[in-house]
Amino acid sequence: MDTVTVTTRAQILRHITAFTTSVINQSELRRSLIETLHRETSISNQVTLKQLNLAVEALESAISFSSSAIRSSSSLSLAEKLLIPLPEYPLSSFLLSLIQTVRNCPDDSAITLLRIFNSNPSLARSEIAPSLYEHLFYLHLFPVFRWFDEQRTRILPSTSETPSRHTGDYSASDELVVMPYAKLLSSVSGDQASKLRELEREYEEVLDENCRILAVYFKEVLVNKDEESTISPPLLILKSAIEGGRGNDGGEDRKEEMQMPVLKNGRYNPMWSERDTSIEYLSSSSSNRSSQAPLYPQRVSSGVLNPRKSSNYWTTPVYLNSATETQFSLDKNSLCSSSDSEAENEEKDKNIALLEPQQSQTQEQMQAIFKESRGSPDYPMADYEITPPHGSEKQTPPKDFVCPITSNIFDDPVTLETGQTYERKAIEEWFNRGNTACPITRQNLQNTKLPKTNYVLKRLVASWKEHNPSSAPPTCESPYKDNEEEVKTTMPSASPNSVITQATIDGMVSELRCAINNLYMSEILQESEMAVLQIDKLWRGGNLGVDIHSMLSKPPIINGFVEILFNSVEPHVLQAAVFLLSEMGSRDNAVIQTLTRVDTDVECIMALFKKGLTEAVVLLYLLNPSPVTLTEMAIVESLIEVFSQKEEDLVKMCLNPTTAAVLLLAQIIGSSDETIASSVVKTLFSEKAIGAIAGSLGAEWAEERIAAVEILLRCMQEDGTCRNTIADKAELSPILETFICATDVERFKIVEFFSELIKLNRRTFNERILHVIKEEGPFSTMHTLLIHLQTALQDQCPVMAGLLLQLDLLVEPRNMSIYREEAIDTLISCLKNSDFPATQLAAANTIMSLQGRFSFSGKPLIREVLLKRAGIDKGPRSDVQVDHMSNFFSEIEITPEEEKAADDWERKIASVLVSHEFGIIFEALADGMKSRIPELRSACFISATWLIYMLTILPDTGIQGAARVCLLKQFVNKLSSAKGVEHKILSLLALNSFLHFSDGVRDLTASYAKDILKGLRELKRFSPLASEMLKVLVDENDPKTEIWRHKELIQEDCRENGEVLSVICFKDKIISGHTDGSIKVWTLKDNLLLLLQEIQEHVKAVTTLTISESRDRLYSGSLDRTAKIWSIGKEEIHCEQVNDMKDQIHNLVVTNSTTCFIPQGTGIKVQSSNGESKLLNSNKYVKCLAHAHGRLYCGCHDSSVQEIHLATGTISNIQSGYKRLLGKAYPIHAMQIHGELIYAAGSSLDGTSIKIWNNSNYSMIGSLQTGSEVRAMAVSSELIYLGCKGGAVEIWDKKKLVKVGTLQLGTNCKVNCMALGSNEEILVIGTSDGQIQAWEMN
């Protein structure tokens, strides 16, 4: 049963896009078609003619560029606007379709091109797009062809007695063929000639009308975007036949529904597919024509009915070659019959051959070789069997009439759901053996029950047999039957006199044919495997004198190789099969198309590759699977494994397996999303494949070099630690050669690669690579970069300008350099171009990287270097604030040679940047610091800081004034408003640099001193530069008490827990210990103390809280004789260990290996990590403890202070004690170690409550004279806080030892404990009445 053919949207787009792309790629064809349309289109309006000419010029100009961005330029957009109002002109539609193709608008291009088939179908199908007409329209027009053949048969019923027409097929691409029509026209009656002319005219009209109908149908399919719904094809219009006047239909139109098979698998595999079309020749040995009309029409041109008198033959026009010309006999005596002598037939053949176009021997051989590869599986009916030349006695049947299993002509054909047709008995036997898949496509069938006989094909076969009674059916060697004639004509002889050599070659050819038979016909796997090995041997021999490729590239034989891949387990057989398929696929895309028709074929090859068949990677690359497929199959590890294979262990193939692996990896990385690409790159690192890929930079094939560049570039961007490996193994000269002939996109990839490669952590190495880039190219690299920079896209310019500038500075800067000027101009213009934020950011990052110092991972170290120059690594608390920078500082510590090279480079690059156009770069950086984009603000800020600092080193050429005008106020504001400490310190460095400028001190002291005073005070504990600036900007004799201001934030009442005996600050948490044994965890948020956790693990008062030296554990000591160890989480603490200390704990100090505490009695108990315990300073009652550098400092009840060396137990007296007066003791209540100083707080027995000693020689360097009894103490980098009785906290200037303020707690209580926050801006106080207060230094 026939069903309606539905053409899908994808098929229409594929055919039309293929046509328009071929026209764009072939300039001669394009110009010829434009001239034809111009000649056929009558245009009198000069304005319209000018519009069309402008459109042609714009199209040709765009096609001449390789860049897709230039192709999609505004000129094409303007040309499109000029053509849209001119739909009535075929030339306008044709140009508009090509323009839309160039602009990557396939839907619009297809709809526009279909207008030509609607407005002038005859011109479109004959001269403009005959191939598109054949591929897209033919399938739907079979009813029209049938109708035409029927009408012609009615007009010429006597043609049944004429010699047979070979039932061939149509081709629009065959050569001109000379037909001996003159002898046939002598006896046609005038009435018949008139009817044939009328039929020909009517036939043309019917074709035109139906082409219009189909063009509208195709447009509706394209417009319909709903994949779920399909549009049914329209009914064709068929006019009535002409037979002795008007027929029985009375001249009325009739419609017939198109009937062609629809395939479920989405591929077109009809019974005529993959065959060559042929032109019918007049055969003297043919039998009489059957009365049954063939499927295709036999067209008669008006030229046949009115032959020229000057010629006995008529030559078929090219545009009519799409239908085989019919030959009519008017004089039976003039025909060549089967009874004619062989000599006469040969003579006639010679006469005909003289009139046919002459071809060289090479052309004839090429046609013979490629006659089976002309068709495409995507173009049905485009490839048919070529019939033998005129005069042959036997005709080879069309291959669609031959069963692929039996190789015999069909007797009872049946078509499976896959679209493949087989002999009923053969396919029944196939299914009886237990197979459930189609033998050709190997797709699993849903139903193995055979359908009804394909009667259409059966009738065609019967008709062909009737026309060719003497033709023998093909033998089992049918797959290469077509090559027998070729083998005979192209078979070389090793020596003209060597019969033995020729016999040897003949034997090898026979051996090849036998192997091919065994490959695709044998039911024994071992025979097929031996056949593969035999074919492999003969292929490698390469001396048969025949085209083995054309014999092996037919789909049945290709499928035979694939069956081997599916079923064989022999490594050498699989290797040989993959080798042969790869070799054939590299030469003929039809082989690749055959392999990719079935998804399981590709999956099988992938599976073999993953199992260790390395050579399969070449075939996998030729199959060109999508990046998604490659990712889903997870073959990255297998691709990397290819790099570990030795060259001698691999088979020599059309493509090196390593090359194929590199190309596939580049395809995966370049086409996948960021997550997948990142995981692939990490796999490359883990497998240590970077070095092998770097070797591909020197490959012979440019495409492999580009692929290696893309992979390595992504690797450096993902993890720059591979730079040194790449730099060691990279061969840069071949890349420079590739740069000359690469596309714009590829050139930028190479520039990015070079720019990333010169970010090594050794300046001398970077300069070596720059020298190679500059000197080893085939042409001037700098000149090439300059030309490319001037035409590059906006976002590419900063990177290219940075590389060009570095190449120019390899020698000492000259007064003038066109390369330097162009590079810096480009960087500054990109930095100022706010319309392109991404370009601005790229320019700012490029300027930062020009400083020339990089980490091992390639990260610019400009920020870290500036912080070091500001002295941040020397500050007393820099380990707390910027501990994450320690790794960078270690990388900056390099050899003197490297340091000198880095300094020289930094001076050169800074000099040319700041000197360009009298410091215009400062204006651009100042604008960038005002940007709304945080990354851009930060990059411009760091670059500006660096260049301002460099101005203090470079000689002043008047640029300092320009820098001060542009940036001074911005840095003052940055110091005040910056949230991060590092940005404040960088601002400090810049402002300190301004102090070295002429008039810099005056500007800062006169205008900005008060604005920066607070910031300088805050930064004193981080950088010595702040202290130096304070000395310059502030009069040290001023009291400055107004600077130190404190604000109470919150007071929390914890009286239900008793006194607050201990408090400590750790990161963002505050932890307090109470007399009822509870421990509370707080956080300060929005000026509120939020309770995160309350724990009561101790049963008595918690006297001490301390943090371990490793900063990861909390220790608590209690009067319940236990010390507990706590882990610190984000919001809670958890008890990990409980230590029984055997005595009450009044104060606790923890070192890495010991725990020291004050017991109830005399001395200090020291307990080591192994459980050993000892008592130190047993003669003293110790009141408080402090620890630093392996030493304990004890404050005792008798006011004495001792230092105990923990390792040796040695005791040194710092202050001697006093005897009790009137029975009253004067203990040391608190001790603090800060830097090199020891602070001890006691009673004012001698008028001084606080004494300060140097811990190196125990000399007293100062004291604080206060009348208050101090119970707690906290020391910051600037201030000393003293907690006294009566609810007061005194504040003293640490440097001048003068009192600067007092905090009143609001209650008449005793301050038990105090602690400072990590940034020293928060002071936490615990009192005897259970209050916790937090104060902020403002």
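Looking at heavy atoms from C-beta onward, S1276 lies out of side-chain contact with K1294 at the 4.5 angstrom threshold. Taking the side chain as every heavy atom from C-beta outward, F754 and L770 never approach each other to under 4.5 Å. Using a 4.5 Å heavy-atom threshold, the side chains of L804 and T826 count as separate. K974 has its side chain within reach of H983: a pair of non-hydrogen atoms, C-beta onward, lies under 4.5 Å apart. Side-chain atoms of N724 and N761, non-hydrogen and from C-beta on, do get closer than 4.5 Å to each other. You'll find the side chain of E1131 stays beyond 4.5 Å of the side chain of K1069, heavy atoms only. Contact of the V972 side chain with the K969 side chain is not registered, since no non-hydrogen atoms from C-beta on lie closer than 4.5 Å.
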Legend entry - Evaluation steps, side-chain contact (heavy atoms from CB on, under 4.5 Å), between N992 and Y949: CA-CA 9 Å; N992 185 66; Y949 173 80; over 6 Å; no
Inset, instruction - Mind running side-chain contact (heavy atoms from CB on, under 4.5 Å) on L988 and S1023 for me, showing each step along the way? - result: CA-CA 9 Å; L988 174 68; S1023 172; 4.0 Å; yes
Inset, instruction - In sequence, state the C-alpha distance, the side-chain angles, and the governing distance for T839 and N833, and then conclude on side-chain contact (heavy atoms from CB on, under 4.5 Å). - result: CA-CA 8 Å; T839 303; N833 192 350; 5.7 Å; no
Inset, instruction - Quick one: do K1047 and W1335 satisfy side-chain contact (heavy atoms from CB on, under 4.5 Å)? Show the steps, please. - result: CA-CA 5 Å; K1047 172 185 175 183; W1335 294 72; 5.9 Å; no
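Distance check, rounded to the nearest 0.5 Å: CZ of F856 to SG of C722 gives 9.5 Å. In this structure, CZ on R747 lies 15.5 Å from CD on E752, to the nearest 0.5 angstrom. Remark: T846 OG1 to L831 CG distance equals 10.0 Å, nearest 0.5 Å. Expressed to the nearest 0.5 Å, how far NE2 of H783 lies from CD1 of I787 amounts to 4.0 Å. Expressed to the nearest 0.5 Å, how far CG of L785 lies from CD of Q790 amounts to 11.0 Å. Note that CG of L757 is 6.5 Å distant from CD1 of I773, once rounded to the nearest 0.5 Å.
For Q960 (side chain) and F997 (main-chain N/O), no donor-acceptor pair under 3.5 Å exists by modelled atom type. Judged purely by atom type and a 3.5 angstrom limit, K984 uses its side chain to pair as donor or acceptor with the backbone of L975. Panel note: side chain T1083, backbone D1068; a donor-acceptor pair is recorded below 3.5 Å. With hydrogens and angles ignored, the 3.5 Å screen pairs no side-chain donor or acceptor of K1067 with any backbone N or O of S1318. A donor-acceptor pair under 3.5 Å is formed between the side chain of R723 and the backbone N or O of S857. Under the 3.5 Å distance criterion, the side-chain polar atoms of D1086 are left unmatched by any main-chain donor or acceptor of L1088. Proximity of a side-chain donor or acceptor of W946 to a complementary backbone N or O of A910 within less than 3.5 Å is not detected. Judged purely by atom type and a 3.5 angstrom limit, E1048 has no side-chain atom pairing as donor or acceptor with the backbone of A1334. Judged by distance alone, the side chain of S943 and the main-chain N or O of C940 form no donor-acceptor pair under 3.5 Å.
Nearest heavy-atom pair across A926 and Q970 is O-NE2, 3.0 Å. Closest approach of L1316 to C1065, counting heavy atoms only: O-CB, 3.6 Å. When all heavy atoms of M800 and F748 are compared, the pair lying nearest together is CG-CD1, 4.2 Å. A pairwise comparison of heavy atoms in V681 and R714 identifies CG2-CG, 3.6 Å as the closest pair. Scanning both residues, I1128 and I1107, for their nearest heavy atoms gives CD1-CD1, 4.1 Å.
No option in K774, K908, R820 other than R820 meets the salt bridge (Lys or Arg N to Asp or Glu O under 4.0 Å) test with D808. Considering L925, I847, L913, I921 as possible partners of I828, the one that fulfils the side-chain contact (heavy atoms from CB on, under 4.5 Å) test is I921.
One finds a salt bridge joining R863 and E982 here, because a Lys/Arg side-chain nitrogen approaches an Asp/Glu carboxylate oxygen to under 4.0 Å. A salt bridge links R869 with E906: the closest approach of a Lys/Arg side-chain nitrogen to an acidic carboxylate oxygen falls below 4.0 angstrom. Salt-bridge check for R762 with E767: failed, with every basic side-chain N at 4.0 Å or more from each acidic carboxylate O.
Residues meeting the side-chain contact (heavy atoms from CB on, under 4.5 Å) test with R907, sequence neighbours left out: D903, D904, M950, I953, L954. In this structure K759 satisfies the salt bridge (Lys or Arg N to Asp or Glu O under 4.0 Å) test together with E756, sequence neighbours excluded.
With no hydrogens or angles considered, a side-chain donor-acceptor pair links E821 and H916 at under 3.5 Å. When only modelled atom types and interatomic distance are considered, E718 and S678 share a side-chain donor-acceptor pair under 3.5 Å. Side-chain contact annotation: E898 with T764, donor-acceptor N/O pair under 3.5 Å present.
Within 6.0 Å of the CD1 atom in I818, the count of heavy atoms belonging to other residues, nucleotides or ligands does not exceed 12.
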I'd like a table of donor-acceptor pairs (distance under 3.5 Å, sequence neighbours excluded) in which one partner is a side-chain atom from residues 931-939, with atom names and distances.
| residue | atom | partner | partner atom | Å |
| --- | --- | --- | --- | --- |
| S931 | OG | I933 | N | 3.1 |
| R937 | NH1 | S931 | O | 2.9 |
| R937 | NH1 | R932 | O | 3.4 |

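Taking the six-membered ring where the residue is Trp, F739 and H788 present perpendicular rings, their angle passing 60° and hence far from 30°.
Judged by the 6.0 Å and 45° rule, K859 forms no cation-pi pair with F854.
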